[in-house]
Number of protein chains: 2
Amino acid sequence: MSEFELKSWTSESVTADLERAIHEHRLPPGTKLGEDELGEAYGISRTLVRAALLALSHRHLVTLRRNRGAFVAQPSVREAREVFEARALLEPRTAKSAAERMTDADLALLHTNIADEHVALDAGDNGRALFLSGRFHVEIARIADQSTVEAFISELISRSSLIIALYWRRRAALCETQAHHALMDAFADRDGPLAEQLMKSHLLDLVASLDLQNTAQPPASLREALNR
Amino acid sequence: MSEFELKSWTSESVTADLERAIHEHRLPPGTKLGEDELGEAYGISRTLVRAALLALSHRHLVTLRRNRGAFVAQPSVREAREVFEARALLEPRTAKSAAERMTDADLALLHTNIADEHVALDAGDNGRALFLSGRFHVEIARIADQSTVEAFISELISRSSLIIALYWRRRAALCETQAHHALMDAFADRDGPLAEQLMKSHLLDLVASLDLQNTAQPPASLREALNR
DNA sequence: CGCAGCATTATTGTATACAATTTTGTGCCG
DNA sequence: CGGCACAAAATTGTATACAATAATGCTGCG
């Protein structure tokens with residue numbers, strides 16, 4: 001390892017890097033994000049670290065507790081439900097629009113995305129697979145040519161990753177790739193209504209695969225102390 | 001006026017204060033928001049001003065241009081359309097949920113909100129009337145008990161205020177109060193489907209009242225230079 | 001008189017210093 | 001030995017200093 005810094009980080013790129021780390025579960029919910037610690041890690045001052053943490057808190061990926069610091073967010077059961085209800089409002093219609101606007105280049109890109117996900121899965125890199133799985137949804141919004149909705153979905157996807165980390169029921173491999181394949185078929189046929197229906201079902205399946213029965217979440221602060 | 005500061009502003013309260021000023025058109029689109037200027041106005045350092053501007057930029061109410069400063073956002077025609085498409089995805093269903101959960105206290109609150117709007121309108125305070133008109137929509141999301149969707153709608157409402165400032169066709173009084181009254185009737189009857197339909201129509205009417213034909217927006221930077 | 005190039009000024013970008021608060025550690029007393 | 005009070009350390013909150021960049025104005029030449 002070189003003594004010199006290889007990259008000059010900006011506030012935005014640090015935000016993106018942290019978001020990806022959270023999305024990939026390299027930074028699990030509850031992890032303390034110390035300002036000095038991060039500043040040293042990226043070779044920047046606390047000023048820029050704080051800007052990044054502020055940005056992440058606005059996306060509900062990080063919780064800022066006054067005079068206590070920043071922590072990777074731990075969505076409550078309530079919040080988990082709300083996130084998926086919001087996704088249910090936004091994504092099916094967006095999938096419909098995407099199907100109707102889909103170009104061959106878009107199709108190829110989505111295919112590549114799914115292929116990469118399988119590669120990551122086979123390599124045992126579940127974090128990367130989860131990230132790519134989320135990217136699939138964001139790409140659909142991009143293809144629908146709705147950048148405003150895309151931004152909302154992008155946030156909801158990242159928050160969903162935290163929810164999965166906390167409430168995912170099975171430890172087995174992600175079985176949702178089937179749903180994505182089915183969506184691909186609808187996209188290939190430019191079948192908007194089918195894509196809408198498939199996305200709706202997909203989201204319902206996702207919620208069903210979560211354990212959202214608990215009214216309280218005991219693992220929250222305890223886990224944090226034990227795992228670190 | 002006292003020489004002493006009456007309130008100690010925090011980053012959050014400054015953000016809220018600026019957002020309201022933007023929402024009420026006291027700070028029109030394109031207005032330069034100088035850091036020193038704001039810092040002096042609120043009696044805080046640039047550190048906190050920057051945190052507030054960063055927060056507002058994340059809500060797309062302020063545009064940050066590197067090394068040039070912060071400006072009240074000037075949504076493009078494209079963005080304007082997208083904002084209302086996003087609202088069309090979120091608000092009708094939310095209105096339906098709200099109607100089904102509506103308590104008498106909620107109804108009373110909405111009534112008060114509308115009454116206040118009329119008072120502001122009669123007093124010629126169009127900015128306040130516009131703000132209250134937006135609050136009506138946000139309150140509905142709150143009543144629907146969906147804080148995640150509420151946050152999205154809140155942002156979209158504020159952005160809509162900028163859109164209205166730029167693209168509002170008639171200069172006459174806001175004629176949308178009728179739509180809100182109709183919604184109130186549906187709410188009073190706890191008629192979810194009707195509320196959903198009325199909200200959908202209301203949003204369509206709103207878009208129709210805008211002039212979104214222009215492909216380019218010449219008044220953007222020119223206006224800024226002339227008006228200031 | 002007009003414009004190019006440079007110096008000056010103003011504003012933002014980043015780092016650092018200091019203050020405030022919380023957390024942690026220690027010792028005394030019951 | 002346990003618990004409370006106080007002190008020390010660590011961390012965040014805010015302000016300020018300095019650096020970098022862009023905007024402005026001036027001067028001299030054509």
Side-chain angles (χ1 to χ4, degrees), chain A residues 3-18 27 30-58 60-74 220-228, chain B residues 3-18 27 30-58 60-74 220-228:
Chain A
E3 288 286 322
F4 302 94
E5 302 298 336
L6 295 165
K7 175 176 180 177
S8 74
W9 293 90
T10 69
S11 170
E12 288 78 20
S13 64
V14 167
T15 305
D17 197 64
L18 284 173
L27 293 173
T31 305
K32 171 74 183 287
L33 300 172
E35 298 182 357
D36 277 322
E37 201 178 343
L38 289 174
E40 198 151 327
Y42 287 106
I44 56 178
S45 76
R46 282 175 52 216
T47 304
L48 297 184
V49 171
R50 283 175 76 86
L53 292 175
L54 203 56
L56 291 171
S57 78
H58 292 140
H60 298 92
L61 299 179
V62 158
T63 303
L64 298 180
R65 296 197 294 185
R66 188 168 182 86
N67 286 318
R68 299 211 183 146
F71 302 81
V72 177
Q74 302 181 135
S221 55
L222 198 69
R223 247 181 76 127
E224 174 192 341
L226 293 175
N227 281 3
R228 287 271 127 193
Chain B
E3 288 287 322
F4 302 94
E5 301 299 336
L6 295 164
K7 174 174 179 178
S8 75
W9 293 90
T10 69
S11 170
E12 288 77 20
S13 63
V14 168
T15 304
D17 197 65
L18 283 173
L27 292 173
T31 305
K32 171 73 184 286
L33 300 172
E35 297 182 356
D36 277 321
E37 201 177 342
L38 289 174
E40 198 152 324
Y42 288 107
I44 56 179
S45 75
R46 283 175 52 215
T47 304
L48 297 186
V49 170
R50 282 176 75 87
L53 291 175
L54 203 56
L56 291 171
S57 77
H58 292 141
H60 298 92
L61 298 179
V62 159
T63 302
L64 298 179
R65 295 197 294 184
R66 187 166 182 86
N67 285 318
R68 302 220 180 138
F71 302 81
V72 177
Q74 302 181 136
S221 56
L222 197 70
R223 247 182 76 126
E224 173 193 340
L226 293 175
N227 283 2
R228 289 268 130 194

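Bear in mind the structure is a predicted one, so any value in this text is a computation, not a measurement. Below, read A as the first sequence line, B as the second, and so on, with proteins coming before strands; counting in each chain starts at 1. Quick note: numbers below take in every heavy atom, side chains included, and nothing from hydrogens, waters or symmetry partners.
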Next on the checklist: Just to be sure I understand the rule, does A:Arg46 reach a base, reach only the sugar-phosphate, or reach nothing, if contact means heavy atoms closer than 4.0 Å?
Outcome noted: base
Checklist entry - On DNA chain C, nearest-nucleotide positions of B:Glu35 versus B:Thr47: which is more 5'? => result B:Glu35
Item to check | A:Leu33 CG to D:dT11 P, straight-line distance once rounded to whole Å | outcome: 14 Å
Item to check | Short side-chain N/O contact to D:dA15 OP1/OP2 from B:Ser45, under 4.0 Å | outcome: yes
Next on the checklist: So, taking the atom named CG in A:Leu54 and the one named NE2 in B:His58, what distance separates them when rounded to the nearest 0.5 Å?
Outcome noted: 7.0 Å
Checklist entry - CZ of B:Arg65 versus P of D:dT21: gap in Å, rounded? => result 18 Å
Checklist entry - To the nearest Å, how far apart are A:Leu38 CG and D:dT11 P? => result 12 Å
Checklist entry - A:Thr63 and A:Gln74: side chain to side chain contact (heavy atoms under 4.5 Å, CB included), yes or no, with the steps? => result CA-CA 8 Å; A:Thr63 303; A:Gln74 302 181 135; over 6 Å; no
Checklist entry - Does a side-chain N or O from A:Arg50 land closer than 4.0 Å to OP1 or OP2 of D:dT12, or not? => result no
Next on the checklist: In whole Å, I'd like the distance from the CG atom of A:Asp36 to the C1' atom of C:dT16.
Outcome noted: 12 Å
Next on the checklist: For B:Tyr42 and B:Asp17: C-alpha separation, side-chain torsions, deciding distance, then whether side chain to side chain contact (heavy atoms under 4.5 Å, CB included) applies.
Outcome noted: CA-CA 10 Å; B:Tyr42 288 107; B:Asp17 197 65; 2.7 Å; yes
Item to check | Whole angstrom value for the distance that separates P of C:dT12 from CZ of B:Arg68 | outcome: 12 Å
Checklist outcome for this item: Taken to the nearest 0.5 Å, the spacing of A:Ile44 CD1 from A:Glu35 CD works out to 11.0 Å
Checklist entry - Atom CZ of A:Phe71 and atom CG of A:Leu64: how far apart are they, to the nearest 0.5 Å? => result 9.5 Å
Next on the checklist: Rounded to whole Å, please give me the gap between CG in A:Leu54 and C1' in C:dG13.
Outcome noted: 16 Å
Checklist entry - A:Leu48 CG to C:dT12 C1': how many Å, rounded? => result 13 Å
Checklist entry - Tell me: CG of A:Asn67 to C1' of D:dA9, nearest whole Å? => result 16 Å
Next on the checklist: On the nucleotide C:dT22, are OP1 or OP2 found under 4.0 Å from the side-chain N or O atoms that A:Lys32 carries?
Outcome noted: no
Checklist outcome for this item: Closest to the 5' end of DNA chain C, once A:Arg66 and B:Ala70 are matched to their nearest nucleotides, is B:Ala70
